[in-house]
Student: 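Please see the structure below; I have some questions.
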Amino acid sequence: MLTRKQHELLMFIHERIKETGVSPSFDEMKEALDLASKSGIHRLITALEERGFLRRLPHRARALEVTKLPQQATTSAPSGGRQAFKPQVVPGDKLAPSPASIANDVREIPLLGRIAAGSPIEALQVERDRMLVSESMLGAGEHYVLEVQGDSMIEAGILDGDFVLIRKTDTAHSGEIVVALIQGEEATLKRLRRKGGSIALEAANPKYQTRVYGPDQIEVQGKLVGLIRKYH
């Protein structure tokens, strides 16, 4: 699942490559998404690479390749010369359900507290509130929500203050973002990597080091399936 900005950037790059044959410059991407700096574009591109939507082509300037599009995306080639970027629109009947159907399209999910995206913090397992989450974000199994604290996952598109939707599970594949309980005491949100008989918890921010643990020191408590961001 992509954030709104990730989706907008991906579709902008896709349309520009269709129109001109080359990917847009970082300045053009920054202007199209109305971002204050190019560092935000770098983070979005890294997140899209990690999710398999973009690929950087080596030894070529402005070389980005769109490897896949979101399933719901519908695109059309621009009709004339260069145009300002406009996000693709999903048909209204899919975005705006009638008030009578809203109650059936959301589910109350427990908010268990904060999770560290930085140095591990004490695990919180007590429900402090509940959040309404769209059924479209939920699959099979039991889910819970955690509030993100810290910046170690920013290049995966996860920011301080975001809410992450977690599906309960005690297993995860290498490369998935998980809630990991460290030595039964501290919880953190990191990308899990299996290295031989060890488990590495990998940040998505170069200022944080990857930490390696023995398999008996880490307990997977769930894996990331969605992201909720509030704009004030």
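Quick note: residue numbers are just sequence positions, from 1.
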Student: Given 3.5 Å as the limit, does a donor-acceptor pair link the side chain of R130 with the main chain of E108, or not?
Tutor: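 Yes, R130 side chain to E108 backbone: donor-acceptor pair under 3.5 Å.
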
Student: Do any N or O atoms from the side chain of R51 and from the backbone of A156 form a donor-acceptor pair under 3.5 angstrom?
Tutor: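 Yes; judged by distance alone, with no hydrogens or angles, the pair exists.
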
Student: Are I228 and L111 connected into the same hydrophobic cluster when the rule is that any two of I, L, V, M, F, W, Y join if their side-chain heavy atoms are below 4.5 Å apart?
Tutor: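 Cluster IDs for L111 and I228 match.
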
Student: Please examine the side chains of I45 and L9, heavy atoms only from C-beta on, and report whether any two atoms are closer than 4.5 Å.
Tutor: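 In contact.
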
Student: Holding to side-chain hydrogen bond (donor to acceptor under 3.5 Å, both in side chains), I want the full list of residues that pass it with S136, two or more places apart in sequence or in another chain.
Tutor: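 S136 satisfies side-chain hydrogen bond (donor to acceptor under 3.5 Å, both in side chains) with S134 once adjacent residues are dropped.
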
Student: Mind listing the side-chain donor-acceptor pairs of residues 32-39 below 3.5 Å, one per line with the distance, residues two or more places apart or on another chain?
Tutor:
residue	atom	partner	partner atom	Å
S37	OG	S39	OG	2.7

Student: When you look at K5 and T3, which way does the side chain to side chain donor-acceptor pair (under 3.5 Å) test go after all the steps?
Tutor: CA-CA 6 Å; K5 285 293 186 184; T3 66; over 6 Å; no

Student: When you look at CD of E65, are more than 12 heavy atoms from neighbouring residues, nucleotides or ligands closer to it than 6.0 Å?
Tutor: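 Atom CD in E65 is crowded, with more than 12 foreign heavy atoms closer than 6.0 Å.
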
Student: Would a 4.5 Å heavy-atom cut-off, applied to side chains only, mark M153 and I177 as touching?
Tutor: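 They are in contact (side-chain heavy atoms under 4.5 Å apart), so the answer is yes.
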
Student: Side-chain contact, heavy-atom cut-off 4.5 Å: V145 with I166?
Tutor: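 Sidechains of I166 and V145: no contact.
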
Student: Scan for salt bridge (charged side-chain N to carboxylate O under 4.0 Å, His left out) pairs involving residues 161-184, sequence neighbours excluded, and state none if there are none.
Tutor: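 As it turns out, the salt bridge (charged side-chain N to carboxylate O under 4.0 Å, His left out) pairs with a partner in residues 161-184, which skip direct neighbours, are E142-K168, D162-R229, E176-K223.
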
Student: Applying the side-chain contact (heavy atoms from CB on, under 4.5 Å) criterion to L54, which one of L44, T67, L48 satisfies it?
Tutor: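 Exactly one candidate clears the test, L48.
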
Student: Quick check on side-chain contact (heavy atoms from CB on, under 4.5 Å): which of T210, V212, L189, I182 does L201 satisfy it with?
Tutor: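 That would be I182.
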
Student: According to side-chain hydrogen bond (donor to acceptor under 3.5 Å, both in side chains), who are the partners of S174, at least two apart in sequence or on a separate chain?
Tutor: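 Scan of S174 (side-chain hydrogen bond (donor to acceptor under 3.5 Å, both in side chains), adjacent residues dropped) gives none.
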
Student: In terms of side-chain geometry, is the basic nitrogen of E49 or R56 positioned less than 4.0 Å from the acidic oxygen of its partner?
Tutor: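 Salt bridge between E49 and R56, a charged N being under 4.0 Å from a carboxylate O: yes.
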
Student: Considering residues at least two apart in sequence or located in another chain, which fulfil the salt bridge (charged side-chain N to carboxylate O under 4.0 Å, His left out) criterion with R43?
Tutor: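 Here no residue qualifies.
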
Student: Does some side-chain heavy atom of E135 sit less than 4.5 Å from a side-chain heavy atom of R107?
Tutor: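 Side chain of R107 against side chain of E135, heavy atoms only: contact under 4.5 Å found.
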
Student: Looking at E202 and R211, is there a salt bridge between them, counting it only when a charged N and a carboxylate O are closer than 4.0 Å?
Tutor: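 Answer for the salt bridge query: no.
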
Student: Check whether any side-chain heavy atom of M11 lies under 4.5 Å from a side-chain heavy atom of L69, and answer yes or no.
Tutor: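 A side-chain contact exists here, since the closest heavy-atom pair is under 4.5 Å.
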
Student: Are Q149 and D160 side-chain neighbours, meaning at least one heavy-atom pair lies under 4.5 Å?
Tutor: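 In short, these two side chains touch, coming nearer than 4.5 Å.
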
Student: Is there side-chain contact between V225 and M137, with at least one heavy-atom pair below 4.5 Å?
Tutor: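 When only atoms from C-beta onward are counted, M137 and V225 do not touch, as no gap falls below 4.5 Å.
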
Student: Any heavy-atom pair between the side chains of I17 and V22 that's under 4.5 Å?
Tutor: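 No - every pair of side-chain heavy atoms lies 4.5 Å or more apart.
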
Student: Among residues at least two apart in sequence or on other chains, which ones pass salt bridge (charged side-chain N to carboxylate O under 4.0 Å, His left out) with E219?
Tutor: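 Partners of E219 under the salt bridge (charged side-chain N to carboxylate O under 4.0 Å, His left out) test: none.
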
Student: Membership question, hydrophobic clusters at under 4.5 Å side-chain separation (ILVMFWY): are L227 and V179 in the same one?
Tutor: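 Yes, it is one cluster - the side chains of V179 and L227 are joined through contacts under 4.5 Å.
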
